[in-house]
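Letters A, B, ... mirror the listed sequences (proteins, then strands); counts begin at 1.
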There are 2 protein chains.
Amino acid sequence: MKVGTADTATTVDAAGMRAQNSSLLLNMIWREQQLSRAEIARRTELSPSTVSAIVADLEHSGLVRNIGAGVSRGGRRPTLIGFCDDAFSIIGVEMGATHVTVVLTDLRGRVRAHRHSPHAVREDPKGTLQKVRELVQECLDAERVPRRSVLGMGVAVPSPVHPSTPGKLSPLIVPAWRDYDVQESLKSAFNMPVFVDNDANLGALSERYWGAGVGGEDLTYIKLGTGIGAGFIIHGDVYRGSGGTAGEISHIAVDPAGQQCVCGLRGCLVTLIGTGPLLERARELMGPRGRRAPTVRELVEGARSGEAAARQVIDSLGHYLGIAVAGLLNLLNPAIVVLGGEISSVGDLLLDPLRASVRKRALSTSMAETRIVTSALGDRAIAVGAATLVLQAALRDRSLFPLQHVRKTA
Amino acid sequence: MKVGTADTATTVDAAGMRAQNSSLLLNMIWREQQLSRAEIARRTELSPSTVSAIVADLEHSGLVRNIGAGVSRGGRRPTLIGFCDDAFSIIGVEMGATHVTVVLTDLRGRVRAHRHSPHAVREDPKGTLQKVRELVQECLDAERVPRRSVLGMGVAVPSPVHPSTPGKLSPLIVPAWRDYDVQESLKSAFNMPVFVDNDANLGALSERYWGAGVGGEDLTYIKLGTGIGAGFIIHGDVYRGSGGTAGEISHIAVDPAGQQCVCGLRGCLVTLIGTGPLLERARELMGPRGRRAPTVRELVEGARSGEAAARQVIDSLGHYLGIAVAGLLNLLNPAIVVLGGEISSVGDLLLDPLRASVRKRALSTSMAETRIVTSALGDRAIAVGAATLVLQAALRDRSLFPLQHVRKTA
DNA sequence: TCCCGTTTCTTCGTTGTACGGACGAAGCCA
DNA sequence: TGGCTTCGTCCGTACAACGAAGAAACGGGA
């Protein structure tokens, strides 16, 4: 949908010019929250008259509104224009390995309603889609949101997504979904635009809009969970690779002497730091206490309260992850690396050994400028990221906002 | 210089509209070599009258010209418009580790003049810059190219380049260059735009324009030489990372049991498949025949003629490189991987063991769609890529083409 | 309190660009 | 030769941004 990269650009006529300038203003107002017409004119170098005309347009469509006067700079006080965060709602869906989460957000990523339900997503496509439909409907009903004020739906799936078939999941990773199309199914059920993407990609998007990467252009997100996935933001946009499998790092070999993996290699990242092996190792180390493996939450709490076994598991996680992250830094040189997934909530206990492991392996040049942090967005980050995918698309192309009937202003 | 990605876009007025459409047409004519006005109108959905006006404009500035009539489609025959490949020249410079290469190209990447000279680039900045100036002047003189018909100069350097200081080389990698600025120096010497980038990045650009990646959007180039560098084309553009060090893969560890490297790690790629260690291993294996290590050329010829020792060295190169490439495929999922550097000229002898090594390690999904090939562009690929950097910039922003005085057409 | 300069925002006429229809030129085909 | 198609140009129109001028709103100094 980009315009302007000369190789792939679209032509521009008068209407296109207006669309482009209008989108630009909308984005600026969204970013800055409040802005006067005069200020916009100064920043964009558009003439004041043009700014007024476009703002009137945006106001008319309900996306921005007058929010009172600002402080004078020596003359008449400016009238501030604000973005209407609640002009539309967005639905975000996370289909995890074993659960479904649905959120209803406004245009600023704030969650207005949410539903969560455990479900065997990988094995049961039909039931999953049914569950999604239910939870979405519940969210809509709870906030009494009319269908026409919903921008669209974003869906995070635990599988790579091929750009040319966005609704299909990878038959190699989730074979049961072979005959289902997530996009078609939900689109026909709710009659609104549906966007589908990989969960790690949407975690990355979430961080870029609402987390540690706000305003940045390049960011890498790593999702720690049953599998290990990375998502890349490059030039402000999710990078998916030519076949949509960029960031599939579960099966990067970090220990040639390691255990055999189902994929055929030895010492894959997932066999060492996937949730399963991690909890199993914790069980072994905790020894006599019990034969039940702890949950991730218990592991985190154990580490926080100083349990040696838990600490040791986290340390080894940091160590192995560091090997992969070091390779990633040398290869991609992102400005920031964000760790997500429940276990990342241990914070520094993970970051310290991770950074040490990375420091031993990465070139000092790329290291020096890269920040490595844990996510602070919580367990709804991916679902919110899914909603953000819709927001991003709409902010780029204003025509994705449905036309609302004109509101009368008092 | 992008326009349109809503986050960073520039505003558009009437003049900008014309500039954008004009650039679009120029790109199309460049790509297709010859095209009629009617055909352009059909493809761009611009009105015939607009197309005529813009083409007249381009013709007036000497970038395109009438090249006779095409075949009729049942009515009046179209008049074909062609791109003037020789309207301007571009200078491309490669500063290698131990040599300097300069080429003078037209607007289609064809080399009109070239000069090559061995030089200790890393140790002698002053002499290198002097040498570059000499060779450039020789190229200009040889073809009697007036200064005003040169678009600009592109320079490939054997070091990462930080986006904010494009003229400075990395003090960690080439300390002697600490006080020199390649861009400033050459810009003031020749009074034309100078663009500087890393050599592997420009190899990638070269492949995307003239080699295996023509027309593609995503491509990875790997330069085998004294060091190992990768260049990425993402969305048609060189990706440099946030600090300009993306693709610095020399020190990725592929053999934890390997030899100690100067960087502090064990089993870095460069200690295993850098030109130095490779030739050293060849010397050892060739045994009694001589105590002199062979040159790369000799190694290549040896492998071609079936010498066991040479084959063995190439096999191990493929093996280790495969480990790195596998990681890269899982991480970035490019459409195509191109190998460059002199040793890549062995072709299949390298590709076979490489592909085998990759196949053992990469996910079949990302593997299936990725082509791995060797470069066919020869030893001037990097210098030509440097010139291409200028071409790319000018095709995106027509205002970079100097105004020529109007030519009278007969 | 009044006056003046400043800033904000709108109004209105101008300018530049793309569009669309009409038209002549140039070809094909029967 | 005549009918039909395609190509390219010419002219008037529509639309968006611009710039100058003016009205409104405000601050500050006398």
Side-chain angles (χ1 to χ4, degrees), chain A residues 3 9-26 28-29 34-60 64-82 398-399 409, chain B residues 3 9-26 28-29 34-60 64-82 398-399 409:
Chain A
V3 179
T10 347
T11 60
V12 180
D13 60 359
M17 180 159 85
R18 180 54 160 259
Q20 199 161 320
N21 286 337
S22 161
S23 275
L24 184 75
L25 255 66
L26 186 62
M28 185 173 287
I29 300 171
Q34 51 175 43
L35 225 43
S36 71
R37 291 176 237 267
E39 183 61 25
I40 294 174
R42 276 190 296 269
R43 294 200 196 182
T44 59
E45 294 183 306
L46 248 39
S47 72
S49 43
T50 303
V51 172
S52 276
I54 294 178
V55 166
D57 223 42
L58 292 173
E59 203 168 0
H60 191 260
V64 307
R65 71 167 183 277
N66 198 320
I67 53 166
V71 294
S72 166
R73 306 198 319 159
R76 174 176 167 177
R77 287 158 58 191
T79 60
L80 294 177
I81 308 299
R398 217 191 106 192
S399 68
T409 25
Chain B
V3 179
T10 346
T11 59
V12 181
D13 60 358
M17 179 159 83
R18 180 53 159 262
Q20 198 161 321
N21 286 338
S22 161
S23 276
L24 184 75
L25 254 67
L26 186 62
M28 185 172 286
I29 298 172
Q34 51 176 42
L35 227 43
S36 70
R37 291 175 235 267
E39 183 61 26
I40 294 174
R42 276 190 296 270
R43 295 201 196 182
T44 60
E45 294 184 306
L46 248 40
S47 72
S49 42
T50 303
V51 172
S52 276
I54 294 178
V55 167
D57 223 43
L58 293 172
E59 203 167 1
H60 191 259
V64 307
R65 71 166 184 278
N66 199 320
I67 53 167
V71 294
S72 165
R73 305 198 319 158
R76 173 176 169 178
R77 288 159 60 192
T79 60
L80 295 178
I81 309 298
R398 216 192 108 191
S399 68
T409 26

query = A/Leu80 CG to C/dT7 C1': how many Å, rounded?
reply = 14 Å
task = Applying side-chain contact (heavy atoms from CB on, under 4.5 Å), run through B/Ile40 and B/Ile29 and close with a yes or a no.
result = CA-CA 8 Å; B/Ile40 294 174; B/Ile29 298 172; 4.1 Å; yes
Whole-Å distance separating the CD atom of B/Glu39 from the C1' atom of D/dG8 = 15 Å
task = Would you classify B/Pro48 as touching base, sugar-phosphate or nothing, given that sugar-phosphate means primed atoms plus P, OP1 and OP2, and contacts are heavy atoms under 4.0 Å?
result = base
task = Tell me whether the OP1 or OP2 atom of C/dC9 has a side-chain N or O from A/Thr79 closer than 4.0 Å.
result = yes
ask   = When you check the phosphate oxygens OP1 and OP2 of C/dT7, does a side-chain N or O of A/Arg37 lie under 4.0 Å from one of them?
value = no
task = Could you check how far CD1 of A/Ile40 sits from C1' of C/dT8, rounded to whole Å?
result = 13 Å
request  = Check whether the side chain of B/Arg76 and the base of D/dC7 form a donor-acceptor pair under 3.5 Å.
outcome  = yes
ask   = Taking only side-chain nitrogens and oxygens of B/Asn21, does any of them come within less than 4.0 Å of OP1 or OP2 of C/dA18?
value = yes
request  = Please answer whether the main-chain N or O of A/Ser72 pairs with a side-chain N or O of A/Arg77 as donor and acceptor at a distance below 3.5 Å.
outcome  = no
key: Interatomic distance, B/Ile67 atom CD1 to B/Ile81 atom CD1 [nearest 0.5 angstrom]   = 8.0 Å
task = Identify the two heavy atoms, one from B/Thr11 and one from A/Leu46, that lie closest to each other, and give their separation to 0.1 Å.
result = CB-CD1, 3.2 Å
query = Looking at A/Arg77, does any N or O in its side chain come under 4.0 Å of the phosphate oxygens OP1/OP2 on C/dT7?
reply = no
remark   = Regarding the side chain of B/Asp13, the nearest nucleotide among D/dA17, C/dC9, C/dT10 is D/dA17
ask   = If you take all heavy atoms of B/Ile54 and B/Arg18, which pair is closest and at what distance?
value = CG1-NE, 3.4 Å
ask   = For B/Met17 and D/dC18, what is the distance between atoms CE and C1' respectively, to the nearest whole Å?
value = 13 Å
message = Rounded to whole Å, please give me the gap between CG in B/Leu25 and C1' in C/dT17.
response = 14 Å
message = If you assign each of A/Arg42 and A/Gly74 to its closest nucleotide in DNA chain C, which residue comes earlier from the 5' end?
response = A/Gly74
message = From CG of A/Asn66 over to C1' of C/dT8, roughly how many Å is that when rounded to an integer?
response = 13 Å
remark   = Result for 5'-nearest mapping on DNA chain C, choosing between B/Ala19 and B/Gly75, is B/Ala19
Gap between atoms CG and C1', on A/Asp57 and C/dT10 respectively (whole Å) = 16 Å
note = Closest to the side chain of B/Ser49, out of D/dC10, D/dC18, C/dA18, is D/dC10
note = When B/Ser72 and B/Ser52 are each assigned the nearest nucleotide of DNA chain D, the 5'-most assignment goes to B/Ser72
task = May I ask you to say what A/Ser47 touches in the nucleic acid, namely base, sugar-phosphate or nothing, with a heavy-atom cut-off under 4.0 Å?
result = base
request  = Measure from CD1 on A/Ile54 to C1' on C/dC9 and round the result to the nearest Å.
outcome  = 15 Å
ask   = From the list D/dC7, D/dC18, C/dT17, which nucleotide is the closest neighbour of the side chain of B/Arg18?
value = C/dT17
message = For a quick test of reading the model: is some side-chain N or O of A/Arg73 closer than 4.0 Å to OP1 or OP2 of C/dT8?
response = yes
query = Where do A/Val51 and A/Arg37 come nearest, in terms of heavy atoms and distance?
reply = CG1-O, 3.7 Å
Per B/Pro78 side chain, nearest of listed nucleotides C/dT8, C/dC19, D/dG8 = D/dG8
